[in-house]
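The structure appears right after this line, and notes come after that.
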Amino acid sequence: MARDPRYDILFEPMKIGPVTAPNRFYQVPHASGMTNALPRVRAGFREMKAEGGWGVICTGACSIDPSSDDAPLPFATLWDANDMRAHELMTEAVHRHGALAGVELWHGGASVMNRQSRLPPISPSGIPWMATHVGFMGNLRPRIMDKSDIRQVLDWQREGARKARSAGFDVVYVYAGMGYLGYEFLLPEYNHRTDEYGGCIENRVRFVREMIEVTKEAVGKDCGVALRVSLEELRGRPGRNQPSEAHELVELLADVPDLFDVKMDSSPTDCSASRFTGEGSHEPVIDFVKRMTRKPVVGVGRFTSPDTMVSQIRRGVLDFIGGARPSIADPFLPAKIREGRVEEIRECIGCNICISSWHDGVPVRCTQNPTAGEEWRRGWHPEKVPQAKERQKVLVIGAGPAGLEAALTLGRAGHEVTLADKGRAFGGRLSFERTLPGLAAWGRVVDYRLGRLNEMANVSLYLESEMGVDEAMDLAPDHVLIATGARWTPMLYSPMEIPVGRLDHPTIFTPDDIAAGRMPSGPTLVFDYDNYYYGGVMSEHLARAGVPVHYATPAGHASAWTIMTNELPLVAKALTARQIETTTLHCLTSFDGETAVLSHIFTGEKKHVSCRSVLITGLRLPDSRLADAFAAREADWREAGIRSVTAIGDALAPGAIAHAVHSGHLHARNLGNPGAAQSFRRDTPITDRIEGFAFSAAAE
Ligand code: ADP
Ligand code: SF4
């Protein structure tokens, strides 16, 4: 199909200093969690985006010296020859598809704890970055940089830039954002210096300017030099000659870098979940930059709509359409726009499971794209599934995320697929969840898959079709995948985290009751030990319906796990906005229809909450009724010619939607051979050149 000419502008080549990007699709630096320890996994992950048409593909933060060590968070390094060779795998892979490769050279300053290197962190004035969460917290404070330290960082940057050029990078970054070293010089709260690097904005910008200058000296003839800078905080400060200090910064540096990459200051505002923030949310902060420089500007905003992208360019907000999450969810987003297949875009849902992977210290996972991170390891391509050697009849029971993904993958492999669900709509748990406050975009998991399935002649879709073993055998499939999901239970746990059985009362609810339309009346306690989004969202849902809600959890925060997805501060705000009282660090011990008794998990002190109903969001167990029925009748179905029956998704092990989608994909790729799912290629670091390493010394 031909591309809509309205989108032609997105495919114009764009200069970044001495190099030219083939189009305006720019995968900005983003953490992959892969580090130099998984160089082939990382190269495969980045290459897929180049194949899918992104014109510039960048690394995540890449340390220029051991004094910038983010452990235990995953970070890449560019310290030695082995590092360079690890990155070469990526630059070569990206170049194979005509894209430019960018590297985000990085020094973390006071925001890193140097847990591996054990070197004191460095900072302009010894002021630490505030970390309020275990995992980010540390107890080593930074030391104050003197002039020789500043010269040394400039040398590291210069050297890092040279190494980057040798490793094949086309765009080299100076990073002054998100609490890292360059940013600490920009903000007077971190920078108390009285020398030429502190005080007025001209002085505070000096370090960043010098970082750009040394990078240009080192590689400026061959590589574009980009400045990545956070502008949110500076935009809020009135300038002396300009509306804000952010304006003054851009004015002072207008001609210095070859490209401005502009962003927010903290992960929750920079990479905000769709539950709280829409597409293009950075615009009010960064909209002025293009008016103050002739250099190209890239920014992000979870852009998935080509019309929004074009509007950003036509209205003079951005030159490049930056994408991190949209490029993870759909590496082929540019190709689909180019080829007039816009409706096939697998739009990011803004759930931030990807960013949670970085916080977890593991390679990227994505709810929408189960192949992310599996390109090299399992040889998975997000758009292509190898054609089945033998066409099989496959019955998939349950059309939630797992069943939909399995049916899609099986359909693409050329099998004859029947997808049956007992419900009145496709989507499983998402049929309800997408109606909950802030979760509408999550419906894209269903819409994308259903759209593709409807186009497939070899896939039949059935609703209101409850399947038992007999109904399945009547269809005479070769294989059955059971994707019947999970059920919430009213199970409780003790403060020792030991299951203590169910709390039974007629006005105790689980989320399944609410999904089925059974609403509590009167004041309700939402007791949450699932700790992901569900307890918080349910509280909002009930409050929106006029039910007075008290939220309680044994964890230290409401929806504690959402710290991983950048949502936690916004959950707290949302609950407060709906006047939902919150009790943390308490277990639920009893409920008599009028009063729920909570006990403090450390002191045992009791707290009484008056309420008519209790909604428990806690343990989910697989809905194994169908799987159990099949297990009981194995001889029958084998005789009927069914070769395998396999539970997938939540019916196998309840999890987040990302788990269900991955499970559906995995089992479809390994149809009839679920054991094969256990095996994947293991990557190894590149270590064959260890400078100054002597085996005799190592042996001692
Ligand atoms: P997952 O997250 O693993 O995809 P969901 O809970 O989202 O699981 O979806 C499970 C789906 O399975 C629901 O839409 C439900 O209606 C359907 N289902 C459950 N049991 C049966 C059955 N016996 N026959 C057909 N559909 C079923
Ligand atoms: Fe988007 Fe969620 Fe995938 Fe991240 S994990 S890219 S937020 S769909």
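Residues: numbered from 1 along the sequence shown. Remember, it's a predicted structure, so these values are computed and weren't measured experimentally. All ligand and atom numbering here is 1-based and tracks the order in the structure.
- Using a 4.0 Å cut-off to heavy atoms of G485, the atoms of ligand 1 that qualify are 5 (P), 6 (O), 8 (O), 10 (C).
- For atom 5 (P) of ligand 1, the nearest protein heavy atom (residue, atom name, distance) is R429 N, 3.7 Å.
- Here the protein heavy atom with the shortest distance to atom 10 (C) of ligand 1 is A483 O, 3.2 Å.
- The shortest N or O to N or O distance between K422 and ligand 1 is under 3.5 Å.
- A salt bridge does not link R42 to E375: none of the charged nitrogens lies less than 4.0 Å from a carboxylate oxygen.
- Not a single heavy atom of S431 sits closer than 4.0 Å to an atom of ligand 1.
- A salt bridge does not link R518 to D512: none of the charged side-chain nitrogens sits closer than 4.0 Å to a carboxylate oxygen.
- Between R633 and D470, at least one side-chain N (NZ, or NE/NH1/NH2) sits under 4.0 Å from a carboxylate O, which counts as a salt bridge.
- In summary, R377 and D683 do not engage in a salt bridge, as defined by a charged side-chain N under 4.0 Å from a carboxylate O.
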Verify salt bridge (charged side-chain N to carboxylate O under 4.0 Å, His left out) between E464 and K422, making sure each step is shown before the conclusion. CA-CA 4 Å; E464 300 185 75; K422 68 179 180 185; over 6 Å; no

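- Interface atoms of ligand 1 facing G428, defined by a heavy-atom separation under 4.0 Å, are 7 (O), 9 (O), 13 (C), 14 (O).
- The residues R625 and D623 are annotated as salt-bridged, a charged nitrogen and a carboxylate oxygen being separated by less than 4.0 angstrom.
- Between H381 and F332, the ring-plane angle classifies as tilted under the 30° and 60° cut-offs.
- Cation-pi geometry between R620 and W488 is met: under 6.0 angstrom from the ring centre, within 45 degrees of the axis.
- Residue, atom and distance of the protein heavy atom nearest to atom 20 (N) of ligand 1 are T484 CG2, 3.2 Å.
- Using modelled atom types, no side-chain atom of D650 and backbone atom of A486 make a donor-acceptor pair closer than 3.5 Å.
- In this structure, atom 3 (O) of ligand 1 lies nearest to the protein heavy atom D650 N, 2.8 Å.
- In terms of polar-atom proximity, defined here as any N/O pair under 3.5 Å, A402 does make such a contact with ligand 1.
- Ring geometry for F320 against Y26 counts as perpendicular: the plane angle is over 60°, on a 0 to 90° scale with 30° as the lower cut.
- For atom 24 (N) of ligand 1, the closest non-hydrogen atom of the protein is M467 N, 3.0 Å.
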Step by step, would you call S559 with E567 a side-chain hydrogen bond (donor to acceptor under 3.5 Å, both in side chains)? CA-CA 9 Å; S559 298; E567 292 166 291; over 6 Å; no

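- Residue-level proximity to ligand 1 for P401 is carried by backbone and side chain together, each with a heavy atom below 4.0 angstrom.
- Excluding waters, the protein N/O/S atoms found under 2.8 Å from atom 3 (Fe) of ligand 2 are C366 SG.
- Applying the 4.0 Å criterion to heavy atoms of G350 picks out, from ligand 2, the atoms 1 (Fe), 7 (S).
- Among protein heavy atoms, the minimum distance from atom 11 (C) of ligand 1 is reached at D421 OD2, 3.5 Å.
- Ion pairing between E51 and K384 holds under the 4.0 Å rule for side-chain N and carboxylate O.
- A donor-acceptor pair is defined here as one N or O able to donate and one able to accept, closer than 3.5 Å; such a pair exists between the side chain of S663 and the backbone of G649.
- Of all the atoms in ligand 1, the ones that sit under 4.0 Å from a non-hydrogen atom of E466 are 24 (N).
- The part of S465 lying near ligand 1 is the backbone, judged by heavy-atom distances below 4.0 Å.
- Below 4.0 Å from some heavy atom of G649 lie the following atoms of ligand 1, by number and element: 3 (O).
- The shortest N or O to N or O distance between I397 and ligand 1 is not under 3.5 Å.
- Looking at ligand 1, you won't find any N or O of D623 less than 3.5 Å from one of its N or O atoms.
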For W358 and H30, what are the C-alpha separation, side-chain angles and deciding distance, and is it a ring-ring contact (aromatic ring centres under 6.0 Å, His included)? CA-CA 10 Å; W358 181 66; H30 75 79; over 10 Å; no

Check against side-chain hydrogen bond (donor to acceptor under 3.5 Å, both in side chains), Y533 and E433: CA-CA 11 Å; Y533 62 94; E433 289 184 32; 2.6 Å; yes

